[in-house]
Amino acid sequence: MDEALQILLKLPSSKRMPRTYPLPDEEQRQIQFITALLIQIVHSSSNLPDVLRESADSPSLEVSIDASYPTKSFESVTEACCLFWSRVLQRLTNTKNQEAAELKTMIENLVIDLLTTLNLPEYPASAPLLEVLCVLLLQNAGLKSKDISVRSMAIDLLGTIAARLKQDAVRCREEKFWIVKELRSGELIDRNPPKDACSVCSDTRIEKSLVQCHGCQGLFHLNCTGIRGHDIPNRGFYCQMCFSKKQLLVLKSLCESQSNDAGQNNRTNSGKTSQVTEAITNLEIVQQLLLNYLHDAATVDDLHLFTRWFYLCLWYKDDPNSEQKFMYYVARLKSQAIVRDSGSLSSLMTRESAKKITLALGQNSSFSRGFDKILQVLLASLRENSPIIRAKALRAVSIIVEADPEVLGDKLVQTAVEGRFCDSAISAREAALELVGRHIASYPDVGLKYFEKLAERIKDTGVSVRKRAIKIIRDMCTSNSNFSELTTACVEIISRVNDEESSVQDLVCKTFYEFWFEEPSGSQHHYFGDGSSVPLEVAKKTEQIVQMLRRMPSLQLLVTVIKRNLALDFFSQSAKAVGINPASLASVRRRCELMCKCLLEKILQVTEMNTGEGEVLMLPYMRLLHAFCVVDPTLCAPASDPSQFVITLQPYLKSQADNRVAAQLLESIIFVIDSVLPLLRKLPQSVAEELEQDLKQMIVRHSFLTVVHACIKCLCSVSNVAGRGSTIVEHLIQLFFKRLDALGFSNNQHFQQVGRSLFCLGLLIRYSSSLLHASVSSNNLHVSSSLNLFKKYLQAEDFVIKVRSLQALGYVFIARPECMLEKDVGRILEATLSSNTDTRLKMQSLQNMYEYLLDAESQMGTNNASENEVANTPVGGPSVPVAAGAGDTNICGGIVQLYWAKILERCLDVNEQVRQSSLKIVEVVLRQGLVHPITCVPSLIALETDPQEVNSKLAHHLLMNMNEKYPSFFESRLGDGLQMSFMFIQAMNKGDSQSLKPQSKAPGIMSGKSEPGSFTHARLGVSRIYKLIRGNRISRNKFMASVVRKFDTPSWGDLVGPFLIYCTEILASLPFTSPDEPLYLIYSINRIIQVRAGTVEANMKGFLQFLQAGYQKLNVSGGIQTEPNQPIRCQTETMVASTKIEEGLEGDHVGVDYGSVEPYMPHLASLNPHGISNADLQMIQVECLAAGALQLLLRLKRHLKILYDLNDARCQAYSPNDPLKPGESLSKQSLPFSVNEINIEHPKNYEDFVRRYQEFKNALKEDTVDYAIYTANIKRKRPAPRRNRKSGRMMGGDDEDYEDDEDWGSGMKSSNSGRRSSSRLRQHL
């Protein structure tokens, strides 16, 4: 074994290792010579006794061997296998890199060869070799190893071996060979063979000759028994099972007789043996068949003897009564010598039959029984912390499932796989779904067990996971027409129709096209009912949609699906390039028309049932009809009878029910009628009159305002289509005017009736504007009167009345948008949109604006040129037919721009509903192009940090579109957006919307640290924004440089410190993917440090000397006399005057004032006890703030270098002009970032100022390497004037480079020329 191992280790290692040792009678199957040698060594390690080897052909059973010898022989086999594998695995753990990889390849090649020879009759040692390997891999040499590569290899090998075990078990279970079936049937050999038919195939065909077994009396076709040739023995035919049984009976009787001759003690033992041997099991019979085959197929050498002895030792170990039957096992080894002519029949067995027998016998071995243990360990590995191990284990389980998909039905497997559905890695989740999805169609019962967890993955954050989950559930539904969870599946899938990823949207629409709208193959002869033209298949699909709709609160998702299926716009780009087949479009439209007809028939059927729950049963059908009508009203106006739906549905308006279900039903009915009416050429007079009366009654009496709204809109449409004029509308307007007069303004008891009247009056004005064109004076009178009335009720004390009057004003504005340009109306709207207004009024005012914009958008493209001319005449008043591109004549754009600042302000309101309503307005405005996109970028960036996911997602979607269309606009306002996001987070933390005003000054109310949850949202939001520009090097560099420049010369204020900390944390959390990104950020930081550090240190030192001199004078004279022309004052006045935090991107002006210095002067009393001028104190504050800002940058720089493993040499060598290196990876460590110990507040006293100066000097001292060469280059190009006094060191390093710091810092000098040298450096840079 040692020599074989040494040879093995010296062989070249490759996955394509040449395999030149041919297997017997196996075509195209070969193994390595070293593997064949290893198997032969293991065979020989079974220690075949010499006495048996020499007397193999002798019938004598007298052998001097102990009964425990076969057990010890097999133990030596196990020991040999352990010796080999333990040394191989030990060698693996003691090597690294290339040699370890070669060893792994060698082990994989060995396993492949052993699996090739597994269950072949001539190679029984393959199973023990593999079994020992599995045992070792389950221990410290494999899965419990500390080396993750070794654990990965162990999982791969165990998965491959377990998959083969499961594959063999399936093959054996499905095997039809009659001997294998006999072995599986049980212990009883007695059978009841069928009469006149083959006992194997049960075939009674006469053309095949049947022979009868003299043992079991069964009939057999010779080819069914697997016998080679067609010669039948002269003394009668015995089937192979009966022949083997007969042979074993002879051997047993011989063993008994020899035991009786041996003496009384042996007779006692032989009595026990006789009792055991009376029952001959099928297992013993089949085992003997294999031994006979090996003897008959043997070559001239005695290798077959070792093989047969190996099998006997293996079976001996598994037999609980083996020691009592020792002589019997020896007799089985010598069966050919003891029973003469025993090979006359067994030698006719084919090799294929022998392989099947070996496979069946292998299922009883301990190796095969170890499958459950291996599977259990692999399932446990799915929960490992390492994603590499989880991925390997998932792949291993996958190949096992591939061998037998029914494994997925096991409860342990199901729990483990479903656990990977929620894995932290997207690839692992997708692989787990793929594992289940491959076998859903073939095993629907298994798929049903996983359905609930699969449906949850439709909402996964990974796009690929969502798509895979949808495809799997789609396959589950299509493969099983009676799938019990079809409705739930449809509800889950349709929830992603508005997914942020367009490919998911297309997949959802295509899925429902296959479910409902695709024309089935073949003709349809079955129809829904008597006299119906709707095929039964269409009716079934319609019922599926209805069942889904019962569980959906809104129609919007279904409307989107229907609309896209009618357009077939979800096919691939290649299909769109060729062009959508018009026949397919016509087919979908025809099916939708049939579905609408089916729904109408269903509604009539429900009515005929005349049950007490008519509205409840009818509602889902009516809602689906409503959805079809929203997409295309012509679907409900068939060419044969366009008024069919109106006439059929009109009687249902007479319903007296007044509950929520009835209200929903009426609303859908009225909507369908209202949508179809404009398509009718002529409406019957009687129908029109009944409609008007029914609608009028509901307008006056119905308690649900949604129904009233639909009725008023429909009534105006009826009057318009029927040509009956505005009589009934004017009557209703006068009716509600009178009702409001009767109720009175100050009557608080009838506020609900007042609110309802205001609501109805506003809607009547809105929808009747086209009807009242004929009467200009009446129209203007109604509008003027209603405006004055609504303004009056807007002053009411009750907020319900206020909201209703504001809502009614919004309806009037839709009809007459020019009213919003009036000054008094403008003041009202601005007041309702102000920050301190009640939330209900803000919401209603925003809703008014939103409805107005949607109404204007709905008219785009619908009005032709003549209509525009009529509408633009003084009679009709100004029109809003166009939303974009109309210049100054576009009243819609003018209105939006008038209130745009207030709308943006409300986008950052503390109330989440107000923010959401405002953001929806921004979406419509950007879609119509009513304002310049650059104006809303900062607000959208701030909303990226919104805690509400709905708002942040919509804001990100809008920014993404803007970045695609206007990248320059987007990039130019990133700095402003970051600043506004900070203000938004601070306001959310404090609950103070006042601070969101761009020009507000709110000193002293902001905390220095943002709340952890708020910063989490901010980090995620800014990271999403950064990902939009990350692909463009120039854009991302501009963004980082603009943020870093905010640390340069900041002005003082209570918000400045927290804002700089916020910027530092944001920069530290950016999702970098290439080394160029952190390197450029360090480069930008070093530019600021280079320009500012020396000046700030020199100024602080000058102030310190100035204060020390003052204290010395105080000790002598008791007071300080400040001289008018202090040097430090001269150096810093210009700098203080120019410091602003608003400095952002190039040419970028934020316009946000954090407050002046004067309000903070009382805090300086402790620093100024002796009358130092306020100007000097301001300079001290500014320098301390600048020092704190630079300390933040230095801390960020050190963090980046450690986090991304960037040494000083790499930072020094970096230049932003160098070309990018494609494929360069970025390694990242797990390192928290904290700036808590950096003090950025104003100094409280003299000692605090000294401490701040020392902290700044220490920070500079720790950072002294990166730009030493850079500074030398700067001085050579543009020498700066040298001073005698050294300033603090300016260059950068970190804690890990202290030794180099001293060498580099010894020759460094920096200038202290104040503002002048600083400006020179800036000009050079």
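Residues: numbered from 1 along the sequence shown.
The closest side-chain heavy-atom distance from Gln505 to Phe570 is not below 4.5 Å. Residues Gln986 and Pro1058 form a side-chain contact, since some pair of their non-hydrogen atoms from C-beta on lies under 4.5 Å apart. Here the side chains of Gln916 and Val950 are in contact, with some heavy-atom distance below 4.5 Å. Within the 4.5 Å cutoff, the side chain of Phe1233 has no heavy atoms near those of the Leu1203 side chain. Under the 4.5 Å side-chain criterion, counting only non-hydrogen atoms from C-beta, Met980 is in contact with Ser939. Side-chain atoms of Met960 and Arg1024, non-hydrogen and from C-beta on, never get closer than 4.5 Å to each other. Between Cys936 and Val931 the shortest side-chain heavy-atom distance does not fall below 4.5 Å. Using a 4.5 Å heavy-atom cutoff, the side chains of Leu1226 and Ser1074 are not in contact.
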query = Please walk me through it: do Glu430 and Ser464 pass side-chain hydrogen bond (donor to acceptor under 3.5 Å, both in side chains)?
reply = CA-CA 7 Å; Glu430 186 179 5; Ser464 59; 3.1 Å; yes
key: Criterion side chain to side chain contact (heavy atoms under 4.5 Å, CB included) on His1017 and Asp946, from CA distance to verdict   = CA-CA 7 Å; His1017 295 296; Asp946 196 310; over 6 Å; no
task = Please step through side chain to side chain contact (heavy atoms under 4.5 Å, CB included) for the pair Leu1260 and Gln1191, ending with a clear verdict.
result = CA-CA 8 Å; Leu1260 292 175; Gln1191 283 180 263; over 6 Å; no
message = Between Trp900 and Val925, does the side chain to side chain contact (heavy atoms under 4.5 Å, CB included) criterion hold? Intermediate values first, please.
response = CA-CA 10 Å; Trp900 187 236; Val925 169; 3.9 Å; yes
task = Apply the test side chain to side chain contact (heavy atoms under 4.5 Å, CB included) to residues Leu930 and Gln897: give CA-CA distance (whole Å), side-chain angles for both, the deciding distance (0.1 Å), then the verdict.
result = CA-CA 8 Å; Leu930 299 176; Gln897 292 174 19; 5.8 Å; no
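Separating the CD1 atom in Ile941 from the CG atom in Leu978 is a distance of 8.0 Å, to the nearest 0.5 Å. To the nearest 0.5 Å, atom NZ of residue Lys1197 and atom CG of residue Leu1081 are 11.0 Å apart. The distance from the CG atom of Leu1231 to the NE2 atom of His1199 is 5.5 Å, given to the nearest 0.5 Å. If you take CD1 on Ile458 and CZ on Arg468, they are separated by 12.5 Å, rounding to the nearest 0.5 Å. Taken to the nearest 0.5 Å, the CG atom of Asn1099 stands 11.0 Å off from the SG atom of Cys1184. Once rounded to the nearest 0.5 Å, the distance linking CD of Glu944 with NE2 of His957 reads 12.0 Å.
Here the closest non-hydrogen pair linking Asp1218 and Ala1213 is OD2-O, 3.9 Å. The shortest heavy-atom contact between Leu919 and Asn951 is CD2-O, 3.3 Å. Looking at every heavy atom in both residues, Pro933 comes nearest to Tyr966 through CG-CE1, 3.5 Å. Here the shortest heavy-atom pairing between Ile1082 and Cys1211 reads CD1-SG, 4.0 Å. Between Arg429 and Gly462, the shortest heavy-atom distance links the atoms NH2-N, 3.8 Å. Across every non-hydrogen atom of Leu943 and Cys907, the tightest pair is CD2-O, 3.1 Å.
Proximity of a side-chain donor or acceptor of Arg915 to a complementary backbone N or O of Asp909 within less than 3.5 Å is detected. The closest donor-acceptor contact from the side chain of Glu912 to the backbone of Gln948 lies at 3.5 Å or more, if one exists at all. Side chain of Arg1036 to main chain of Gly1031: no donor-acceptor pair is present (N/O by atom type, distance under 3.5 Å, no hydrogens or angles). The closest donor-acceptor contact from the side chain of Gln1229 to the backbone of Ile1202 lies under 3.5 Å. The backbone N or O of Leu959 lies less than 3.5 Å from no partner atom in the side chain of Asn963, so there is not a single donor-acceptor pair. Without hydrogens or angle criteria, Thr945 side chain to Ala942 main chain gives a donor-acceptor distance under 3.5 Å. Remark: the backbone N or O of Thr1073 is paired with a side-chain donor or acceptor of Glu1077 at under 3.5 angstrom. Within the 3.5 Å criterion, the main-chain N or O of Asp460 finds a donor-acceptor partner in the side chain of Arg466.
Taking the charged nitrogens against the carboxylate oxygens, Glu1065 and Arg1019 have no contact shorter than 4.0 Å, which rules out a salt bridge. By the 4.0 Å N-to-carboxylate-O rule, Arg973 lies close enough to Asp976 to be salt-bridged with it. Lys1201 and Asp1208 are joined by a salt bridge, as a carboxylate oxygen and a charged side-chain nitrogen come within less than 4.0 angstrom of each other.
The local environment of CG in Leu1020 is crowded, with over 12 non-hydrogen atoms from other residues, nucleotides or ligands closer than 6.0 Å. When the shell of 6.0 Å around CG of Asn385 is examined, it contains 12 or fewer heavy atoms from other residues, nucleotides or ligands. Summarising the local packing, NZ of Lys459 is surrounded by more than 12 heavy atoms from other residues, nucleotides or ligands at distances under 6.0 Å. Atom CD1 of Ile1034 is surrounded by 12 or fewer heavy atoms from other residues, nucleotides or ligands within 6.0 Å.
Side-chain N/O atoms of Tyr1062 and Ser981 include a donor and acceptor closer than 3.5 Å. Judged purely by distance below 3.5 Å, without hydrogens or angles, the side chains of Ser424 and Arg390 pair a donor atom with an acceptor atom.
Residues passing the salt bridge (charged side-chain N to carboxylate O under 4.0 Å, His left out) test with Glu949, sequence neighbours excluded: Lys953. With sequence neighbours left out, the salt bridge (charged side-chain N to carboxylate O under 4.0 Å, His left out) criterion links Arg496 to Asp499, Glu500.
Between Tyr1026 and Phe1039, the two ring planes are tilted [angle within 30° to 60°]. A tilted orientation is assigned to the rings of Phe1072 and Tyr1204, their planes being inclined by 30° to 60°.
Put simply, the residue from Arg1030, Arg1210, Arg1033 that forms a salt bridge (Lys or Arg N to Asp or Glu O under 4.0 Å) with Asp1076 is Arg1033.
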